[in-house]
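For clarity, every value in this text was computed on a predicted model and none was experimentally measured. Throughout, a chain's letter reflects where its sequence line sits, starting with A, and its residues are numbered from 1.
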Protein chains: 2
Amino acid sequence: MTEATRRERLRAETEREIRQAARALLVERGRDAVTLRAIARELGITAPALYRYYDSHDALLRQLCDDICADMAAVLYADLAADTSGQVGCQVRAVCRGFRRWALAHPQEFALVFASPRDPLGADQFGAVFLQLAGRLIASNLVVKHADDEVPEVLHEDLARFQQVLMDAVSVHGVTVEDDVLNLGKIYHVVQSWVRLYGHVALEVFGRFPFAVSNPEPMFDSMLDQMLSDIGFQEDDSAVR
Amino acid sequence: MTEATRRERLRAETEREIRQAARALLVERGRDAVTLRAIARELGITAPALYRYYDSHDALLRQLCDDICADMAAVLYADLAADTSGQVGCQVRAVCRGFRRWALAHPQEFALVFASPRDPLGADQFGAVFLQLAGRLIASNLVVKHADDEVPEVLHEDLARFQQVLMDAVSVHGVTVEDDVLNLGKIYHVVQSWVRLYGHVALEVFGRFPFAVSNPEPMFDSMLDQMLSDIGFQEDDSAVR
DNA sequence: GGTTTTGGTGAACGGTGTTTACAAGAGTTC
DNA sequence: GAACTCTTGTAAACACCGTTCACCAAAACC
């Protein structure tokens, strides 16, 4: 039941091969090895032919970023689904651990997507996972005291905007949330959690801890515990409802 | 009273110009613009001549990293010296703010030094600043309860090693410290602080916050407050001694 | 069957890192 | 001062890069 013509199918197939070759080059030989000629060589065609599919080398790299985000999102969703506890705390933990594991297994991709002085964000393919998770977290109706006045007033405007983004992300999933569940205080802690999660993972991937860490995993787990506790989960996770 | 011969002086001068040109290219036109031919063009020589000074393009980039670290360290030392309060909390704050300011003002340098999947650490030129600061922090003899059993036992070995590094860094500055001042609990919080500091700065430099932050500085200051409070400083900094 | 669209080629331009052979000058030694 | 060595540059070349252009064959369309 493919609506596509023969030609469209061939084109889509070639495009898939291009992305695949680009990805393999990035993984195996680094960012600088992702070159038009190398990709073309892999497909058995010549470099100018690639211009029938992408406007420039840069455009191809951007597409590559999007693919990476989508793939990572799929992995994280799988990690999320693999957790059968039904407890939000465990789910958060699973996704955060999944993010770390993915980053360590794909350092080149991580560097390209998360640590390039690129314009905005590669794609919100990525943010969707975290937003969905935040959605579940909110929907779980955890009642934790995070007074709004804990956060400086200058931040209220930005946090309120993020609050709206989160609300929208949640409502897309068909869940409505009482206002007081997702107050600015909690939002603030969510942002702080992202800072710590990203900070630890990036430091580990790039080897920028101030000393040689022989086994970073327990340190990560320890940070995760404190993170969850800050947001409002108890360590032994008896906090669901 | 330069011991150097005329030739050595000339050589040193040329090398200085090479570094300077490389730096300018990085800052003004990005990492990919730091090319041997461009540098040579700037000096009015040809590219192969650079091989008399550096083994390869990669070696030159490594040298560039070291230079960047050294310059940043100088800036942070200046920030540290500019604080005349004499209070350690203010000094920590000054250096952390200085680090953020430097990173935002030098995104290309930051990306090169702190976010490249490079081997170990570019140079410990960089770590020295933080170590010295940590040294002062320790020397200030803040007595805050951070029980060792707060941190998981698996981390003890690594943290103890870092503890030794810190001790050495302090003793170089001619200060001896009682053992109980720098216990593993405090060490752990210092590492966690580095995670948060790095995480926030990197996210800001790379624009990877999950929403548009109109004015990130108060958010940074807020994080700093909580960081210092976690380590054991009171917010209004009456904690010195 | 003729026409248009599509997806490929090969040649070329200017750019890159790197190697090699060679030359000119500075420093040293007799 | 002549002879020698060491240093620092050059020019040419190689292989690779992104990109453009003219061209071409086959597929799709009418």
Which nucleotide sits closest to the side chain of [X]: [options]?
X       : options                : result
B/Arg52 : C/dT19, C/dC22, D/dT19 : C/dC22
B/Arg37 : D/dA13, C/dA12, C/dG7  : D/dA13
A/Thr46 : C/dT16, C/dG10, D/dT19 : C/dG10
B/Arg41 : D/dC17, C/dG15, D/dG9  : C/dG15
A/Pro48 : D/dG18, C/dT20, C/dA11 : C/dA11
A/Ala49 : D/dG18, D/dG9, C/dG8   : C/dG8
A/Tyr53 : D/dC17, C/dG8, C/dT18  : C/dG8

Nearest-angstrom distance from the residue atom [atom1] of [X] to [atom2] of [N]:
X       : N      : atom1 : atom2 : value
A/Leu60 : D/dC17 : CG    : P     : 14 Å
A/Leu43 : C/dT9  : CG    : P     : 10 Å
B/Leu36 : C/dT18 : CG    : C1'   : 9 Å
A/Glu15 : C/dG7  : CD    : P     : 10 Å
A/Glu13 : C/dG8  : CD    : P     : 12 Å
B/Asp58 : C/dT16 : CG    : C1'   : 15 Å
A/Ile39 : D/dT19 : CD1   : P     : 11 Å
A/Asp32 : D/dG18 : CG    : P     : 11 Å

Q) Counting any heavy atom closer than 4.0 Å, what does B/Tyr51 reach on the DNA or RNA strands: base, sugar-phosphate only, or nothing? A) base

Q) Which part of the nucleic acid, if any, lies within reach of B/Tyr54 when heavy atoms closer than 4.0 Å are counted: base, sugar-phosphate only, or nothing? A) nothing

**Q.** Steps toward side-chain hydrogen bond (donor to acceptor under 3.5 Å, both in side chains) verdict (B/Arg29, B/Gln108)
**A.** CA-CA 9 Å; B/Arg29 310 209 324 250; B/Gln108 299 285 354; over 6 Å; no

Report yes if a side-chain nitrogen or oxygen of [X] is closer than 4.0 Å to either non-bridging phosphate oxygen (OP1 or OP2) of [N]; otherwise report no.
X       : N      : value
A/Thr35 : D/dG18 : yes
A/Arg11 : C/dG7  : yes
A/Thr14 : C/dG7  : no

Q. Relative to the 5' end of DNA chain D, which residue comes earlier, A/Asp55 or A/Ala33, by the nucleotide with the nearest heavy atom?
A. A/Ala33

Q: Measure from NZ or CZ of A/Arg161 to the centre of the six-membered ring of B/Phe211 and say whether it is under 6.0 Å with the direction within 45° of the ring axis.
A: no

Q) Are A/Arg208 and B/Tyr198 in a cation-pi contact, defined as NZ or CZ under 6.0 Å from the six-membered ring centre and within 45° of the axis? A) no

Q. Considering all heavy atoms of both residues, which atom of B/Ser56 and which atom of B/Tyr51 are nearest to each other, and what is their separation?
A. CA-CE2, 4.2 Å

Q. Side chains of B/Arg11 and B/Glu8: closer than 4.5 Å at any heavy-atom pair?
A. no

Q. Hey, does A/Val201 have a side-chain heavy atom less than 4.5 Å from the side chain of A/Val205?
A. yes

